[in-house]
A.B. asks: 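Structure in structure tokens, see below.
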Amino acid sequence: MNTVRTRYAPSPTGFQHVGNIRTGLFAYLVARHFDGQFILRLEDTDKKREVEGSIDHLLQCLKTLGIQPDEGVGFGGSHGPYKQSERLPLYKEWAQRLIDAGRAYADPYSPQELEAFREQAKAEKRPFLYRNHRPQNPPKWDGSQPLRFKSDPKSYQWHDEVMGDLSTGPEVIDDIILIKSDGYPTYNFAHIVDDADMQVTHIIRGQEFIASQPNYLNIYEALGLEHPIFATMPHILAPTGGKKLGKRDGAKDVLDYIREGIVPEALLNFIASLGWNDGTEQEIFSKEELVQKFSLDRVQHSGARFDEQRLLWMNGQWIRSFNLDDLYNRVVDFWPESAANADENRKKVVLSLVQDRLKTLTDLPIMTNYFFTEPTPDWSMVRNNKQLKKLSDDDIRTLLTTARSALEASDFTSEALQQTLNALLESTGQKPGILFSLVRLSVSWAPFSPALNDTLAALGKETSLRRIDASLQAL
RNA sequence: GGCCCCUUCGUCUAGCGGUCCAGGACUCCGGGUUCUCAGUCCGGCAAUCGCGGGUUCGAAUCCCGCAGGGGUCACCA
């Protein structure tokens, strides 16, 4: 077998969302799995739809997710240029071959005439076929008219790595446009030329192309080319309804997930497992494992719904799997403002306490703010607490004062504090629900915090005692 | 409308003729973990395998119909 070469070939028409990027990921995984090459090609043949900044965004996405092309726009390679808009002469050349072979001709109709044909077909509830209107003596192609393929309608059956054996009749074959009147090729033609020229072995693309596959087969034949291996991916479905996930159904920018505190590993893992599994009960896969285990024939045939709950769960799994230094480097941009001047060691201590609690990296500020700034006592939190509301102000004052002096005598390691607190439970005869809650609130004034001994240890003796004093003052 | 594809718990899925009155994961609900929140552990709810016919001793698994969903029929990709 030849070296496997796959490509991801988006058009620069906006931001990348999970639906797009999954196709790219799978193409990447196939290439890596077989020690082949992964190519990034830009299909920028529709100048009207082009959106500025698309390329930068695309590159940023791939970089963030660690999907590294071997060749392509921004990566060099010996089959370039990798932007279709810079390959126009090549398409002309291949088009000329078809013209010379009598397999392409100029389209003499005006857009209005074409539209009339289409309306007619629609009124008669027939599919529109251009070849039913194929001109007898088309004018010589001078580039001002679209160039059409002269098709040879026939039945086809072919194999798709994902979908299996597929077949169609001649009625789906038509004279499609190869070169538009603006001089740019259509996708339909350009991708065939480019894949051949770039020696692409596997075409991995979305389900929307399955209907035009027979037309492509017809063109491969006319060009005398052997066709690559095809693999058709099912769509990712929108959260509701059965439609494919698109921008207007709330498909989010891939980078938005990262900004919202989803780690790249989790996003990659999640996207890959939408429509693919390795047949075991494993749910969490690293990129390396995906490369090793991925195979197209285990890709699902039907669409998969995008379920953010599951993504969030996976994110938590990944966050908990990182060692502290790794996690620390990932959260640099997520700390609360109050942590701006805190030193690294302090932040690491705090981070280690909340690591198990983070669902996304953006949870960090709300979970850690009180470690870095003095909280404002809010006694309504005590009064609204189911257990604490029974205590009188005097009870509270006594309990807190007793606790304060016991803590003052503790040397404030996590272990020593646990002993101090346990002793305090005995000496005061209080339940943990009362004593611990009260102390926890008086040092944090937060709705939740890590274990009390750990929280106190992280705050340190001086700060803890100061906050208890401040809380008592405010009572 | 023609053509093509798809159809297992709410969701993602395992399953390739018997080990499945269908297994795992997410969600949800109980319980444990000295307070909270999360995590974690244990347990629970949840699919008569789209429907109807076959084939077979035996079908989620094979065959045929039907229905529903999706894609496509652009000088978009």
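So that the names make sense, note that chain A is the first sequence line, chain B the second, and so on, each numbered from 1. Everything quoted here is computed from the prediction, not taken from an experiment.
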A.B. asks: For B/G1 and B/C57, measure between their C1' atoms and round to the nearest Å.
C.D. replies: 46 Å
A.B. asks: Which nucleotide sits closest to the side chain of A/Glu283: B/G24, B/A14, B/C73?
C.D. replies: B/G24
A.B. asks: When we call it a touch if two heavy atoms are under 4.0 Å apart, what does A/Ser302 touch: a base, just sugar-phosphate, or nothing?
C.D. replies: sugar-phosphate
A.B. asks: Passes side-chain hydrogen bond (donor to acceptor under 3.5 Å, both in side chains), A/Asn218 versus A/Ser151? Steps please.
C.D. replies: CA-CA 7 Å; A/Asn218 212 241; A/Ser151 63; 4.8 Å; no
A.B. asks: Does the B/U40 base have a donor-acceptor partner in the side chain of A/Asp356 within less than 3.5 Å?
C.D. replies: no
A.B. asks: Would you say the side chains of A/Ser471 and A/Ser442 form a donor-acceptor pair under 3.5 Å?
C.D. replies: no
A.B. asks: Can you find an N or O donor on one side and an acceptor on the other, under 3.5 Å apart, linking the side chain of A/Arg305 with the base of B/C12?
C.D. replies: no
A.B. asks: Between A/Lys252 and A/Tyr257, is NZ or CZ placed under 6.0 angstrom from the six-membered ring centre and within 45° of the ring axis?
C.D. replies: yes
A.B. asks: Applying a 4.0 Å non-hydrogen cut-off, can you work out what A/Thr232 is touching in the nucleic acid: base, sugar-phosphate, or nothing?
C.D. replies: nothing
A.B. asks: Ignoring hydrogens and angles, are the base of B/U72 and the side chain of A/Gln207 linked by a donor-acceptor pair under 3.5 Å?
C.D. replies: no
A.B. asks: Looking only at side-chain N and O atoms, does A/Arg49 come under 4.0 Å of OP1 or OP2 in B/A74?
C.D. replies: no
A.B. asks: If pairing requires Watson-Crick or G-U wobble contacts with both distances under 3.5 Å, which nucleotide is the partner of B/A47?
C.D. replies: none
A.B. asks: I want to check one thing: is the phosphate of B/U40, taken as OP1 and OP2, less than 4.0 Å away from some side-chain N or O of A/Arg320?
C.D. replies: yes
A.B. asks: What is the distance, rounded to the nearest whole Å, between atom CD1 of A/Ile236 and atom P of B/G69?
C.D. replies: 22 Å
A.B. asks: Considering every strand and a 4.0 Å limit on heavy-atom distances, what is the contact class for A/Tyr184: base, sugar-phosphate, or nothing?
C.D. replies: nothing
A.B. asks: Scan A/Lys48 against the nucleic acid and name what it touches under 4.0 Å (heavy atoms): base, sugar-phosphate only, or nothing.
C.D. replies: sugar-phosphate
A.B. asks: With P as the reference atom in both, quote the distance from B/A22 to B/G31 in angstrom, rounded to an integer.
C.D. replies: 28 Å
A.B. asks: Closest approach to the side chain of A/Asn277, judged atom by atom: which nucleotide of B/U36, B/A14, B/C76 is it?
C.D. replies: B/A14
A.B. asks: Are A/Arg118 and B/A74 close enough that a side-chain N or O sits under 4.0 Å from OP1 or OP2?
C.D. replies: yes
A.B. asks: Taking N and O atoms by type only, does the side chain of A/Ser181 place a donor or acceptor under 3.5 Å from a partner on the base of B/C75?
C.D. replies: yes
A.B. asks: When you measure from the side chain of A/Arg310, which nucleotide among B/U13, B/A25, B/C3 comes out closest?
C.D. replies: B/A25
A.B. asks: Please state whether the phosphate of B/U40, meaning OP1 or OP2, lies under 4.0 angstrom from any side-chain nitrogen or oxygen of A/Gln317.
C.D. replies: yes
A.B. asks: Below 4.0 angstrom from OP1 or OP2 of B/C76, is there any side-chain N or O of A/Lys180?
C.D. replies: yes
A.B. asks: In Watson-Crick or G-U wobble terms, both distances under 3.5 Å, what is the partner of B/G2?
C.D. replies: B/U72
A.B. asks: Would you say a side-chain N or O of A/Gln355 is under 4.0 Å from OP1 or OP2 of B/A38?
C.D. replies: no
A.B. asks: If I take atom CD from residue A/Glu115 and atom CD from residue A/Gln112, how far apart are they, to the nearest 0.5 angstrom?
C.D. replies: 9.0 Å
A.B. asks: By the 4.0 Å heavy-atom rule, please label A/Ser167 as base, sugar-phosphate, or nothing.
C.D. replies: sugar-phosphate
A.B. asks: Nearest to the side chain of A/Met163, heavy atoms from C-beta on, is which of B/C5, B/G23, B/C75?
C.D. replies: B/C5
A.B. asks: Is there a Watson-Crick or G-U wobble partner for B/A22 with both distances under 3.5 Å, and which nucleotide is it?
C.D. replies: none
A.B. asks: Quick one: A/Leu452 CG to B/A38 P, roughly how many Å, whole number?
C.D. replies: 18 Å
A.B. asks: Is the closest side-chain heavy-atom distance between A/Met198 and A/Tyr82 below 4.5 Å?
C.D. replies: yes
A.B. asks: Which one, B/C75, B/A14, B/A77, comes nearest to the side chain of A/Pro111?
C.D. replies: B/C75
A.B. asks: Would you indicate which nucleotide in B/C26, B/G24, B/G71 comes nearest to any side-chain atom of A/Lys243?
C.D. replies: B/G71
A.B. asks: Report the nucleotide, chosen from B/A74, B/G39, B/U36, that has the shortest atom-to-atom distance to any side-chain atom of A/Lys359.
C.D. replies: B/G39
A.B. asks: Is the shortest distance from a Lys or Arg side-chain nitrogen in A/Asp195 or A/Arg7 to a carboxylate oxygen in the other one below 4.0 Å?
C.D. replies: yes
A.B. asks: Could you please name the option among B/C37, B/G70, B/C75 that lies closest to any side-chain atom of A/Leu114?
C.D. replies: B/C75
A.B. asks: On the nucleotide B/C76, are OP1 or OP2 found under 4.0 Å from the side-chain N or O atoms that A/Lys47 carries?
C.D. replies: no
A.B. asks: Provide the Watson-Crick or G-U wobble partner of B/G39, both distances under 3.5 Å; none if there is no partner.
C.D. replies: B/U33
A.B. asks: Can a salt bridge be assigned to the pair A/Glu283 and A/Arg310 using a cut-off of 4.0 Å between side-chain N and carboxylate O?
C.D. replies: yes
A.B. asks: Can you tell me the distance, in whole Å, between the CG atom of A/Leu178 and the P atom of B/C75?
C.D. replies: 12 Å
A.B. asks: NA contact type, A/Leu166, heavy-atom cut-off 4.0 Å: base, sugar-phosphate, or nothing?
C.D. replies: sugar-phosphate
A.B. asks: Please tell me if A/Arg440 has a side-chain N or O lying less than 4.0 Å from either OP1 or OP2 of B/C37.
C.D. replies: no
